[in-house]
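Indexing begins at 1, ligand by ligand and atom by atom, following the structure's order.
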Amino acid sequence: MNVYEYIVGRRKEGRLHMTLVDPDKQTAAEAGTIAAEAARAGTDAVMVGGSTGVTQDKVDATVLAIKEAAKVPVILFPSNARNLSPHADALYFMSLLNSRDPRLIIGEQRLAAPIVAAWGLETIPMAYLVVEPGMRAGEVGDADLISRKSPVIAVQYALAAQMLGMKLVYLEAGSGAPEPVPDRLIRAVHEAIGIPLIVGGGIRTPEAASAVSRAGADVVVTGTIVEVAREGDALQRIIEAVKAD
Ligand code: 1GP
């Protein structure tokens with residue numbers, strides 16, 4: 001079973017939660033510890049990626065440490081073609097469809113493709129859509145941010161992605177965003193497409209995770225919470241909220 005089949009198969013039993021680990025924010029050993037804690041809390045996969053300061057060395061070391069520490073799949077979530085590792089289980093082969101820069105839509109992908117093919121790494125084609133405020137992902141991605149008030153544009157991009165053959169759509173408010181992607185926007189995209197919908201950015205409470213899930217996210221991603229709430233059960237309560245719906 002490949003990672004995409006794992007995602008689709010698990011979705012039949014409930015919604016998924018994924019944990020984002022940024023290789024630039026801690027040592028590889030610490031990333032391993034974070035991943036082990038997240039797996040114990042019930043996360044379904046660990047995504048590895050970040051907007052800035054990430055090198056292939058850091059990605060390799062982080063992926064290897066996570067694989068050693070936790071049994072869940074490790075999926076690359078790269079911001080460019082230099083943030084890859086052959087040790088991951090799969091790669092979100094993502095295109096930032098609402099970027100103003102062709103490099104983020106297809107340029108980095110062109111550079112990555114021969115390397116990934118040589119490694120034989122599983123690729124999961126994914127539309128990456130950055131919604132206001134976008135945070136660093138919006139800046140680094142030179143995104144023409146999708147307005148929080150305009151589901152129509154998000155729906156247009158998501159439908160186009162599905163018609164292009166992409167297997168996932170990711171709505172991103174940006175790491176550390178004050179609020180997650182609005183429910184209304186999530187619901188509109190969910191109702192328009194037949195492929196799984198991932199939502200991330202600014203989800204820090206069980207209530208927010210539950211709202212995002214009930215609006216139609218198939219996969220809920222949290223990053224920051226695992227970095228700031230190492231003590232206690234904050235992550236576990238978020239994961240329970242995702243899976244309760
Ligand atoms: C990954 O942006 C998310 O897409 C992570 O966001 O750090 O706000 O949880 P947080």
Side-chain angles (χ1 to χ4, degrees), residues 7 15-26 30-31 34-35 37-38 41-54 59 62 66 72-80 83 90-99 104 124 126-141 143 145-146 148 154 157-158 168-182 185-186 189 196-213 215 217-230 234-239 241-242:
I7 294 170
R15 299 180 194 280
L16 284 76
H17 173 273
M18 295 190 188
T19 300
L20 175 64
V21 174
D22 183 339
D24 192 41
K25 295 213 172 130
Q26 66 285 298
E30 284 161 355
I34 287 172
E37 287 169 6
T43 202
D44 295 288
V46 176
M47 295 163 39
V48 174
S51 298
T52 48
V54 182
V59 180
T62 299
I66 293 172
V72 293
V74 179
I75 308 173
L76 298 175
F77 180 60
S79 56
N80 62 59
N83 290 180
L91 162 66
Y92 284 145
F93 204 76
M94 50 207 274
S95 176
L96 205 176
L97 294 184
N98 62 318
S99 177
L104 282 311
I124 306 175
M126 179 169 88
Y128 189 49
L129 302 176
V130 184
V131 178
E132 290 174 330
M135 313 304 281
R136 283 296 287 156
E139 287 166 28
V140 171
L145 296 174
I146 294 173
R148 295 174 64 82
Y157 274 121
L168 297 170
V169 170
Y170 195 126
L171 291 175
E172 170 74 273
S175 182
E179 303 280 341
V181 175
L185 201 150
I186 297 170
V189 172
L197 177 61
I198 307 183
V199 179
I203 300 163
R204 285 180 288 271
T205 63
E207 293 73 24
S210 173
V212 162
S213 301
D218 298 289
V219 180
V220 174
V221 178
T222 61
T224 306
I225 190 74
V226 84
E227 292 159 20
V228 298
R230 298 290 302 280
L235 183 62
Q236 190 169 335
R237 289 194 301 119
I238 285 176
I239 295 172
V242 169

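Under the 3.5 Å distance criterion, the side-chain polar atoms of Ser210 are left unmatched by any main-chain donor or acceptor of Ala241. Not a single donor-acceptor pair under 3.5 Å links the side chain of Asp44 to the backbone N or O of Met18.
Shortest non-hydrogen contact noted between Ala31 and Gln26 is N-CG, 3.6 Å.
A heavy-atom distance below 4.5 Å is not found between the side chains of Val221 and Ile203. Side-chain contact between Val130 and Leu145: present, with at least one pair of heavy atoms (C-beta onward) separated by less than 4.5 Å. Here the side chains of Pro180 and Val199 are not in contact, with every heavy-atom distance at 4.5 Å or above. Considering only heavy atoms from C-beta on, Pro133 stays 4.5 Å or farther from Glu179 through its side chain.
Closest protein heavy atom to atom 10 (P) of ligand 1: Thr224 OG1, 3.4 Å. Annotation: atom 2 (O) of ligand 1 to nearest protein heavy atom, Glu172 OE1, 2.6 Å. Atom 9 (O) of ligand 1 has its closest protein heavy atom at Gly223 N, 2.8 Å. In terms of protein heavy atoms, atom 4 (O) of ligand 1 is closest to Tyr170 OH, 2.3 Å. In terms of protein heavy atoms, atom 3 (C) of ligand 1 is closest to Gly201 N, 3.4 Å.
Backbone and side-chain nitrogen or oxygen atoms of Ser175 are examined, and one is located within less than 3.5 angstrom of a nitrogen or oxygen of ligand 1. Residue-to-ligand polar distances keep Gly200 apart from ligand 1: every N/O pair is separated by 3.5 Å or more.
Near Gly174, the atoms of ligand 1 lying under 4.0 angstrom from a non-hydrogen atom of the residue are 2 (O). Atom numbering of ligand 1 starts at 1 in the shown order; those under 4.0 Å from a heavy atom of Thr222 are 9 (O). Every atom of ligand 1 with a heavy atom of Gly176 under 4.0 Å away is listed here by number and element: 7 (O), 8 (O), 10 (P).
Below 30°, between 30° and 60°, or above 60°: for Phe77 and Tyr170 the angle between ring planes is below 30°, a parallel geometry.
A heavy-atom separation below 4.0 Å is found between Val221 and ligand 1.
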